[in-house]
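Because the structure is predicted, anything quoted here is derived from the model rather than measured. We use all heavy atoms of the structure for the numbers below, so side chains are in, but hydrogens, waters and symmetry mates are not. Residue numbers begin at 1 in each chain, while the letters A, B, ... track the order of the sequences.
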Protein chains: 6
Amino acid sequence: MKICIINPNTTAAFTTRLLQSARAIAAPGTDVIAVQPGIGAASIESHAEEALGALGVMQMVAEREKTGVDAYVIACFGDTGLHQAREMARGPVVGMTEAALQAASLVAHRFSIVTLPPRTRAHSLRVLQDTGLSHRCTVRAVEVPVLDLEDDVAASGPIIEAEARLAIEQDHAEAIILGCAGLSDLVEPLSRKLGMPVIDGVMVGLKFAEGLVAAGLRTSKRSTYDYPPAGFSLPKLS
Amino acid sequence: MKICIINPNTTAAFTTRLLQSARAIAAPGTDVIAVQPGIGAASIESHAEEALGALGVMQMVAEREKTGVDAYVIACFGDTGLHQAREMARGPVVGMTEAALQAASLVAHRFSIVTLPPRTRAHSLRVLQDTGLSHRCTVRAVEVPVLDLEDDVAASGPIIEAEARLAIEQDHAEAIILGCAGLSDLVEPLSRKLGMPVIDGVMVGLKFAEGLVAAGLRTSKRSTYDYPPAGFSLPKLS
Amino acid sequence: MKICIINPNTTAAFTTRLLQSARAIAAPGTDVIAVQPGIGAASIESHAEEALGALGVMQMVAEREKTGVDAYVIACFGDTGLHQAREMARGPVVGMTEAALQAASLVAHRFSIVTLPPRTRAHSLRVLQDTGLSHRCTVRAVEVPVLDLEDDVAASGPIIEAEARLAIEQDHAEAIILGCAGLSDLVEPLSRKLGMPVIDGVMVGLKFAEGLVAAGLRTSKRSTYDYPPAGFSLPKLS
Amino acid sequence: MKICIINPNTTAAFTTRLLQSARAIAAPGTDVIAVQPGIGAASIESHAEEALGALGVMQMVAEREKTGVDAYVIACFGDTGLHQAREMARGPVVGMTEAALQAASLVAHRFSIVTLPPRTRAHSLRVLQDTGLSHRCTVRAVEVPVLDLEDDVAASGPIIEAEARLAIEQDHAEAIILGCAGLSDLVEPLSRKLGMPVIDGVMVGLKFAEGLVAAGLRTSKRSTYDYPPAGFSLPKLS
Amino acid sequence: MKICIINPNTTAAFTTRLLQSARAIAAPGTDVIAVQPGIGAASIESHAEEALGALGVMQMVAEREKTGVDAYVIACFGDTGLHQAREMARGPVVGMTEAALQAASLVAHRFSIVTLPPRTRAHSLRVLQDTGLSHRCTVRAVEVPVLDLEDDVAASGPIIEAEARLAIEQDHAEAIILGCAGLSDLVEPLSRKLGMPVIDGVMVGLKFAEGLVAAGLRTSKRSTYDYPPAGFSLPKLS
Amino acid sequence: MKICIINPNTTAAFTTRLLQSARAIAAPGTDVIAVQPGIGAASIESHAEEALGALGVMQMVAEREKTGVDAYVIACFGDTGLHQAREMARGPVVGMTEAALQAASLVAHRFSIVTLPPRTRAHSLRVLQDTGLSHRCTVRAVEVPVLDLEDDVAASGPIIEAEARLAIEQDHAEAIILGCAGLSDLVEPLSRKLGMPVIDGVMVGLKFAEGLVAAGLRTSKRSTYDYPPAGFSLPKLS
């Protein structure tokens, strides 16, 4: 089984780190690859950057479909280009945000997203509405730019932890979802400190994608996620 | 006051027709222009085409912002690129779908969208969720390809009318929203036949945009719709 | 085009002030008038006063329908008598509350109502439910009696501003809706201080009403808003 | 204990019939009275008539408060004047619609309202939203004018029954709510024919009102349902 | 009329106290009895204990059905075994939580539950969702073990009162629901101190059950609450 | 990794069949076991049987916890005893219904449950509400007794297929969830006939459970799913 993690931004450091974590938990026999676009945004902190990222996602899926990928994981909080990827892929496409929310709902009654930066709260709320979990989850955001996580995730740890503790006290959170693909290194220390599940959507997204493939499921081509209409072609970006 | 209608697809016939209708109802002193992208999709009937359209919308807004446009209307059902346009524009950006829904809610207690083709039902549902009007509106779709409307809207009239009549009988619709920017020629005949409001979102979108500008309102730059982060730049498509 | 602003309370000072503001932003060719009932409540701060106001609204619409008004704007937060007016009028009837909420949703992702006095929170919540925007809007109230606004709106400015700042910090508001028809003088100073859209529902209600008329829309007479049944007649109040 | 049934319309035949049924099920020691307004609408089938009815309700509560009524039941589907009555009364005020919905939710998992005439569907939906039971209840309407029930309820029986059977088959209804105060004579025969609970809101409203009083509960005067502000006075109708 | 209060836990002190309060407010002619299981949990503060309690409820209903009980009241916050009891009983079964919520909604616009201990918040939320009243009610919890209420309810008074005051200030509560069957002694003093309705679900549950029976209503045996399938039999616990 | 499939009913044929299917798709290194209670219901088609099943689930989890199971899958539609199991287990507990819904939401925009028998519709609706997916899923039921599936699943195939086709036509379903643990043999033939994903919750539940364990996640012991309070002990059934 071959699963492709798609990083919709152009920052290679994130891609490398994700691939490493993913391979550590993939099942025997699962071949994990990870890709990123050549042109796009270095990080995705706005709808405008999401649009660029979606185009990158589409191009990466279009290329990989030729080579036989079984499933994809979108590794950006907000699930950039998710619906587009579903239209273009035969196999399942799992967004890290929806996977994190679903995993959280399986191990906790209520939970909170701690995302960054604050202007992306709307992106989390969009996925919450699509997954229907607004009644069990709150969204909190911290003032940390995504690219600060490129070199030194640990520096953001205390800020994230403080916000998570507020979620526990004020929102009755029983699990914490890390609202950025660049935060995976915090899973272990934060989980230990808080004494509750801390969830990285890329990792559970990978495992859920594996599970869907093993269960013989592919993206439904009935109506909504049918392949793009005849005549559709991807432009070249420069 | 200058208002720009943005057609996110590349079909010039739609743009021309929209401009004509819009100028007929614009207030004295409102200068209406209409634009379309050079590269993109001929019609937008999938999420993949929406992503192309969003990029076109962003480029058109970026260009027009330099020349002093006061507000924009997105003329594609599903409001392609709406959130991106709001980030890039100073003035208000109004989607034809949200405007149609709001107008319908002001003249009727319950109403229905008749859109096309069926695979785009998800796009209507997305806007319904964002506007919060799911409790007052149903979505119906007919098997008509968008480009069939380019030359001969009238041919689709009976199909749309039949579906609208089902909406009235089964969903208790008291107004009908035309779910495509290419259907504006049906407003008058259909409204007469059905004896109830039939709504074209581009026209009410134009008037609402005019209204927001007259009332001194611009897109809030606080958080969600702030300008894209420093470093963001639009790629060239080819 | 003739648009009638209906003040459901008997305080003439509010009517005069609204008419002045409305004429300043009406389109060329729009004739704006404003009326108020002779008998009723001096301000509407309870359901009991709303019932009186609704009767006044009905009488004013009944009279104006004979003289050819194209649309009405209800100028009281809570949209007193809105559904009754829709049944009695041929043209559109727009409530200031619903218009404010719709306008806010077009220029901001999340927003808050700052209304007065606190006991009327339920009236705001009712319109929020009807418009479906509860997921994007919070309601806050300040302890200011409506009639304090008759002579000196400015005195309430700091109290409203303080509450609006709480809405921004705690509710992530990106626009503020003024929850009373008597607060329109605060739009400009508050908008400047807060750096975000501040919305007066009467002004956007007027513009939306203009827009509906220009787009050829009238109140649907199908079912819910059909004219009152034969035999209905308005009583005289004394 | 004294409980007052308020018929918001002027049709005395309904009042008499309700009083008779109510006395038959009142607890020993409960003194039931029933009143109707002198001026108003003969039946309430529109928002306009609801506004008249609300004024009547207010006047009747104002008068009865002086004489020591312990609770009120609003005997009109849609609960005409409910919020106004709560502001004016010390004791509880129970609407027949909300009581019917609550009773239905206690004896069945899903249920349907069969109301009349169709234009009043919006009134049922309003109470459904307030009570929060939309997820368990559907609204159906039949083309019967309310005043047809004045002399001969039985004639409407087959039409109501047919619609109730559709509710059972298509909406999975497990109980039926009669959507008009004039239908109480159908409870027994319809319940027998359908083999499931058929609910008349006035009767359960009376019993719930009795229960609230026995449990020592009165309308909360904190905020929303506080007495109308000083200076409020009811006009005279003629 | 015979009504049976079911205490799903094994603590006899609660059963005795409830019976006493219930008899004080029952209508003349209502015979109230109260039962508790021999085997089960001393208090119900977890889903595990709820499952034990549900089995006890089923056994008690099975026994009482043979002797002609007209209705049941479940006297445990969370309404332990409610759906099971409805399947097994001919007459109505009323949960104290749903009854409290409905009563609150009849005397106040917004209200709050103060329950205990905090881990049972999920149980309150479950009933809130079933009753549909989430938009009018918040849930608050205090760190008091249920069995502390066995001997000395008064000691918990100040803690409950403090939390209720927070509900009034922060959640705009206009009535308070006591979230445990062991708190009924607090109704009177707390209601006096807070100046608003304080609701004990067992008492209103009893009165609503009386009302349903008087109105001739029984549990619908159509589909959901039909008797358990042939072959079902209760095990013996030891 | 050891995963235990819990069949809450006493029918061994189901357990054996599930174990076989599960082992076929488990990852290398996953040890799957399957258990069923000695005392309880032969199938679970009512709330009463659910209560018996829950007790069985609790006993099986209590026993297996001593022997080091990493995760559990509840193999009964409606997720019998899910919350109880979560309180008693250290590792994750996944219900087949919630897993099926989540998997469906990852491969299709809208989907339908086809369950049996009709009286269990309420059980499906309960899980839909907990997972929040009501806006994307409908529930349909067929008149087939669960135990008919023990010997001959194939006989039910055409009935299920016919209902699934109605879901596709009328509800716009793009995937079908099989609403019973005994239907897994239909996945392959039905999926082929319908040309869309057909989902067996036990299989995806197993894979999701595997994924949660691989990602290091356990049931949160914070508040809701904490271990049952001290003093809790399971009764013996006979």
When C:Asp130, C:Leu194, C:Val94 are compared by non-hydrogen pairs under 4.5 Å with chain B, the top option: C:Asp130

Residue pair B:Ala89 / B:Tyr72: nearest heavy atoms and the distance that separates them: CB-CE1, 3.7 Å

Heavy-atom contact with chain B under 4.5 Å, split by part of C:Ala173: backbone

Heavy-atom contact with chain B under 4.5 Å, split by part of C:Gln102: both

Top contributor to chain C contacts, counting heavy-atom pairs under 4.5 Å, from B:Ser220, B:Ala104, B:Ser223, B:Ala175: B:Ser220

Spatial distance of atom CG (C:Leu183) from atom OG (C:Ser156) [nearest 0.5 Å]: 7.0 Å

Salt bridge B:Glu161-B:Arg140, side-chain N to carboxylate O under 4.0 Å: no

Ring geometry between C:Tyr225 and C:His83 (parallel below 30°, tilted from 30 to 60°, perpendicular above 60°): parallel

Top of B:Pro197, B:Ala24, B:Ala215 for chain C proximity - count of heavy-atom pairs under 4.5 angstrom: B:Pro197

Top contributor to chain B contacts, counting heavy-atom pairs under 4.5 Å, from C:Lys207, C:Lys221, C:Met203, C:Arg222: C:Arg222

Among B:Ser105, B:Gly195, B:Ala26, residue most engaged with chain C (heavy-atom pairs, under 4.5 Å): B:Ser105

For chain C, the option from B:Arg136, B:His135, B:Glu188 that forms the most heavy-atom pairs under 4.5 Å: B:His135

Side-chain ion pair, B:Arg126 and B:Glu50, N-O less than 4.0 Å: yes

Derivation and outcome, side chain to side chain contact (heavy atoms under 4.5 Å, CB included), residues C:Val114 and C:Ile177: CA-CA 6 Å; C:Val114 180; C:Ile177 292 171; over 6 Å; no

